[in-house]
Amino acid sequence: MRIASWNVNSIRARVDYVVSWASASEIDVLLLQETKCGDVDFPFDAFAAAGYTVAHHGLDHYNGVAIASRVGIDRIHPGFTGPQRPPFDEPRLLAAECAGVRVWSVYVPNGRSLDDPHYRYKLVWLERLRAELAATDATERRTVVAGDFNVAPADIDIYDPKRWRHKTHASAEERAGIGHLLDLGLRDVIREHHPGPGVFTWWNYRPGQFEQNRGLRIDLALCCPAIADVITGVHIDRAARAHERPSDHAPVVLELTL
DNA sequence: ATGCCTTATTTCATAAGA
């Protein structure tokens, strides 16, 4: 079974490539972030033509998350449990069950800068995600929580840590937010399978950044122990980032044997 | 010190991303 996660930076801008990539890569379950469209504008037909059923949670041209599956999908749950006051009602979280695995597509708020109100929002959002996962016994059942977490968990996840020392994505508070998710018992399987430096999932669009591998590892796949134990490979598909008119994120592919 | 690029919509400008 293959489960992938990809921040596509607008699904409508590159739906043909995303669907063809998923088919060619034999992805069974694809978690998408930043679809940047409302439900009525999501290109369901293009996915259906390739055999994927899609659950989408989007509102307008910001945020938006989806789960595309060719192995069935049910128990779809958008957002946090219960009514949410703005901005916690932004479409950034979607859970569903696919072939016996509970999958979560996650798009953590950016934070913008350490002195911006969005930074505090980001920290609270991460804590709410922790509470949501704890309430659903995420570590007790087959669970994959993947997406764009907008946090580089450690200095090794940044091409130039000094440059990011006082910026969002690298602060101790944000890293603690990720740490609390791991404290639940979830495991960072990208890092487990790729312990060395230079392992990134995002590169700035500016010229040369990708070519020189000046990136960040901010897309994560956090798995319960039962899933983490049966993962046979983790692949960050840099070819997709090298494609014409790409997303600024590369897809992360998990190969597992259930 | 700042912009570089890309997306979308309120388009020849702005907000947001990370």
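Since the model is a prediction, treat every value here as computed from it, not as a measurement. Numbers restart at 1 for each chain; the letters A, B, ... are given by sequence-line order, proteins then strands.
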Counting side-chain heavy atoms from CB outward, which of [options] is closest to [X]?
X: A:Arg12; options: B:dA18, B:dT7, B:dT9; value: B:dT9
X: A:Tyr205; options: B:dG17, B:dT9, B:dA18; value: B:dG17
X: A:Tyr62; options: B:dA18, B:dA16, B:dC5; value: B:dA16
X: A:Pro207; options: B:dC4, B:dT7, B:dA18; value: B:dC4
X: A:His61; options: B:dT7, B:dT10, B:dA18; value: B:dT10

Side-chain N,O ([X]) to OP1/OP2 ([N]) below 4.0 Å:
X: A:Arg14; N: B:dT7; answer: yes
X: A:Asn204; N: B:dC5; answer: no
X: A:Arg112; N: B:dA18; answer: no
X: A:Ser10; N: B:dA8; answer: yes

[X] [atom1] - [N] [atom2] separation (whole Å):
X: A:Asp60; N: B:dA16; atom1: CG; atom2: P; result: 11 Å
X: A:Glu174; N: B:dA18; atom1: CD; atom2: P; result: 12 Å
X: A:Tyr119; N: B:dG17; atom1: OH; atom2: P; result: 16 Å
X: A:Arg214; N: B:dC5; atom1: CZ; atom2: P; result: 16 Å
X: A:Asn63; N: B:dA15; atom1: CG; atom2: P; result: 17 Å
X: A:Gln33; N: B:dA18; atom1: CD; atom2: P; result: 10 Å
X: A:Leu220; N: B:dA18; atom1: CG; atom2: P; result: 13 Å
X: A:Asp148; N: B:dG17; atom1: CG; atom2: C1'; result: 10 Å

Quiz prompt | Closest-nucleotide 5' rank along DNA chain B - winner of A:Arg206 and A:Trp202 | solution = A:Arg206
Self-check item: Residue whose closest nucleotide on DNA chain B lies nearer the 5' end, A:Arg245 versus A:Leu216
Solution: A:Arg245
Atom pair [atom1] ([X]) and [atom2] ([Y]), whose distance is rounded to the nearest 0.5 Å:
X: A:Trp164; Y: A:His169; atom1: CH2; atom2: NE2; result: 6.0 Å
X: A:Ile76; Y: A:Asp74; atom1: CD1; atom2: CG; result: 7.5 Å
X: A:Asn150; Y: A:Leu216; atom1: CG; atom2: CG; result: 9.5 Å

Using a heavy-atom cut-off of 4.0 Å across all strands, would you classify [X] as base, sugar-phosphate, or nothing?
X: A:Tyr107; answer: sugar-phosphate
X: A:Asn7; answer: sugar-phosphate
X: A:His118; answer: nothing
X: A:Glu34; answer: sugar-phosphate

When rounded to the nearest Å, what value does the distance between [atom1] atoms of [N] and [M] take?
N: B:dG3; M: B:dA16; atom1: P; result: 16 Å
N: B:dC4; M: B:dA15; atom1: P; result: 15 Å
N: B:dT6; M: B:dA18; atom1: C1'; result: 12 Å
N: B:dC12; M: B:dT2; atom1: C1'; result: 23 Å

Is any side-chain heavy atom of [X] closer than 4.5 Å to a side-chain heavy atom of [Y]?
X: A:Cys37; Y: A:Ile11; value: yes
X: A:Ile236; Y: A:Phe200; value: no
X: A:Gln33; Y: A:Thr35; value: no

Self-check item: Presence of salt bridge, A:Arg187 and A:Asp229, under 4.0 angstrom
Solution: yes
Practice problem: Confirm from the modelled atom types if A:Asn110 and B:dA18 form a donor-acceptor pair under 3.5 Å, side chain to base only. | Solution: yes
